[in-house]
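Notes follow once the structure below has been shown.
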Amino acid sequence: ADEGDGVLLSNVTAVDNGEHGVRLEIPETVRNLTATDNDGDGIKVTADADGATITDVTAKRNGDGIEVSVDNATVRDAVATNNSQYGVSAIGVVNDTYDNVTITRSGRNGIRLDEGGTLVDSVVRNNTQDDSYTDPGISVNGKNATVRNVTVAENQDGIEIDGSKNVVVRDTTVTNNTKRGVFLDTDSTNATLRSVTATDNSKGVFTEPRAGENLTLTGVTARNNTDVGISLAPRSGTRVDDTVTANNTNAELLARASTSSPAPP
């Protein structure tokens, strides 16, 4: 402990424990931490630690790499790799920030974002190693979330926006994902994709029929996808502008019907 600069734990290694590597239950700072080969979470931040900061940490070969069950937490300069479940998990919380996080080779999702969550300046690559699941690299499950300046590569779905409102994805590259680069699912509305590049996926950008309301695509580039570049089911408020599609195998920009009737011209 170092009370002088507000750091609770620093330079700690937690290895091969039967449950969690490190469990933080107060709103303090943990830094320079390595959690490896723990049966439960490598690092677990619980509901009493509102505002905690986790910085310069590595979570490797745990259950979940980092589980955040608290509002207003910050995870910065972190690596989560080869964890059997989720790289970073945050469900049922608000306003958490993930900055300069590298998440690779998770069994399931790379990262799950909830309400007000922000993922910035990060890499999410080669997740869903467990073939029993079809989880995306990034799963956005809460309203008002932001993904900015992130590389999302070699997952099944790159980014899935699932039943969420007012989500913004910007300055982000989704590439070489085997299903969809960006997938809007289950009544997700008011989403904005701005300056997003979707290349070499199966489908570049794909929306379910119920997920297109007030969708904005601006400055999007969809190239070299093996199926369709951008596939939408337009609803009220759907808008596409300043967007480039090229060299996609099937349709460059497909407007599908929002119901079971044939697609419009």
Side-chain angles (χ1 to χ4, degrees), residues 74-80 87-88 90 95-104 109-127 136-162 164-177 179-185 188-207 211-212 214-225 228-232 237-248 252-253:
T74 298
V75 178
R76 180 182 298 115
D77 303 332
V79 174
V88 178
N95 299 332
D96 289 340
T97 299
Y98 304 90
D99 183 358
N100 190 29
V101 178
T102 299
I103 305 165
T104 60
N109 288 128
I111 182 169
R112 300 193 297 179
L113 286 179
D114 215 331
E115 181 178 345
T118 298
L119 176 67
V120 60
D121 298 337
S122 295
V123 175
V124 180
R125 183 184 299 275
N126 198 16
N127 296 284
I138 300 172
S139 178
V140 182
N141 299 94
K143 63 183 180 180
N144 302 324
T146 299
V147 176
R148 185 176 76 249
N149 195 27
V150 177
T151 297
V152 191
E154 299 168 22
N155 308 282
Q156 292 188 19
D157 285 321
I159 302 171
E160 181 181 6
I161 302 171
D162 189 2
S164 302
K165 298 180 180 181
N166 303 322
V167 173
V168 176
V169 180
R170 58 177 299 181
D171 304 319
T172 286
T173 297
V174 289
T175 184
N176 286 292
N177 298 286
K179 296 177 73 176
R180 292 154 290 217
V182 181
F183 177 35
L184 282 86
D185 193 13
S188 294
T189 61
N190 298 79
T192 298
L193 308 185
R194 182 182 300 275
S195 301
V196 171
T197 299
T199 62
D200 299 292
N201 308 283
S202 178
K203 297 176 175 68
V205 177
F206 185 88
T207 70
N214 294 323
L215 169 66
T216 298
L217 275 64
T218 183
V220 172
T221 299
R223 293 181 183 273
N224 303 327
N225 297 286
V228 64
I230 298 172
S231 182
L232 308 176
T238 300
R239 184 167 66 92
V240 179
D241 60 23
D242 296 328
T243 286
V244 175
T245 64
N247 300 322
N248 300 289
E252 301 289 356
L253 174 61

Checklist entry - Can Thr199 and Thr175 be said to form a side chain to side chain donor-acceptor pair (under 3.5 Å), step by step? => result CA-CA 5 Å; Thr199 62; Thr175 184; 3.1 Å; yes
Next on the checklist: Test side chain to side chain donor-acceptor pair (under 3.5 Å) on Asp200 and Asn224; report intermediate values, then the result.
Outcome noted: CA-CA 5 Å; Asp200 299 292; Asn224 303 327; 4.5 Å; no
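Note: Asp185 CG to Ser139 OG = 9.5 Å, rounded to the nearest 0.5 Å. Between the CG atom of Asn176 and the OG atom of Ser202 there is a distance of 11.5 Å, given to the nearest 0.5 Å. Atom CZ of Arg223 and atom OG1 of Thr197 lie 9.0 Å apart (nearest 0.5 Å). The distance from the CG atom of Asp242 to the CG atom of Leu217 is 11.0 Å, given to the nearest 0.5 Å. Here the NZ atom belonging to Lys165 is positioned 5.0 Å from the OG1 atom belonging to Thr189, to the nearest 0.5 angstrom. Note that the CD1 atom of Ile159 and the CZ atom of Phe183 stand 13.0 Å from one another [nearest 0.5 Å].
Two residues are said to be in side-chain contact when any heavy atoms from C-beta on lie closer than 4.5 Å; Leu113 and Tyr98 meet this criterion. Inter-residue side-chain proximity for Asp99 and Asp121 is flagged as met; some heavy-atom pair is nearer than 4.5 Å. Annotation: side chain of Val75 is not in contact with side chain of Val88 (no heavy-atom distance under 4.5 Å). Proximity of Val182 to Thr172: side-chain heavy atoms (C-beta onward) are nowhere separated by under 4.5 Å. Side-chain atoms of Ile103 and Asn127, non-hydrogen and from C-beta on, do get closer than 4.5 Å to each other. With contacts defined as side-chain heavy-atom distances shorter than 4.5 Å, the pair Thr192/Arg170 does not qualify.
Closest heavy-atom contact between Ala80 and Gly87: CB-O, 3.7 Å. Taking both residues in full, the closest heavy atoms of Val140 and Ala145 are given as CG1-CB, 3.7 Å, listed atom of the first, atom of the second, then distance. Closest approach of Arg125 to Thr151, counting heavy atoms only: NH2-CG2, 4.1 Å. The heavy-atom pair separating Leu193 from Val205 by the smallest distance is CD1-CG1, 3.8 Å. Minimum interatomic distance between Val174 and Gly181 (heavy atoms only, all atoms of both residues): CG1-O, 3.7 Å.
Remark: the backbone N or O of Ala222 is paired with a side-chain donor or acceptor of Asn248 at under 3.5 angstrom. Formation of a donor-acceptor pair under 3.5 Å by the Asn100 side chain with backbone atoms of Arg76 is not found in this model. When atom types are taken as modelled, the side chain of Asn109 and the backbone of Pro136 share a donor-acceptor pair closer than 3.5 angstrom. A donor-acceptor pair under 3.5 Å links the side-chain atoms of Asn201 to the main chain of Asn177, judged by distance alone. A donor-acceptor contact shorter than 3.5 Å links the side chain of Glu252 to the backbone of Ala246. When atom types are taken as modelled, the side chain of Asn225 and the backbone of Ala198 share a donor-acceptor pair closer than 3.5 angstrom. Remark: side-chain polar atoms of Thr238 are not paired, donor with acceptor, to backbone N or O of Leu215 under 3.5 angstrom. Not one N or O on the side chain of Thr245 forms a donor-acceptor pair closer than 3.5 Å with the backbone of Leu253. In this structure, Asn126 contributes its side chain and Thr104 its backbone to no donor-acceptor pair below 3.5 Å.
There is no side-chain donor-acceptor pair under 3.5 Å between Asp114 and Asn141. Judged purely by distance below 3.5 Å, without hydrogens or angles, the side chains of Asp171 and Asn149 never pair a donor atom with an acceptor atom.
Within 6.0 Å of NZ in Lys179 there are more than 12 heavy atoms belonging to other residues, nucleotides or ligands.
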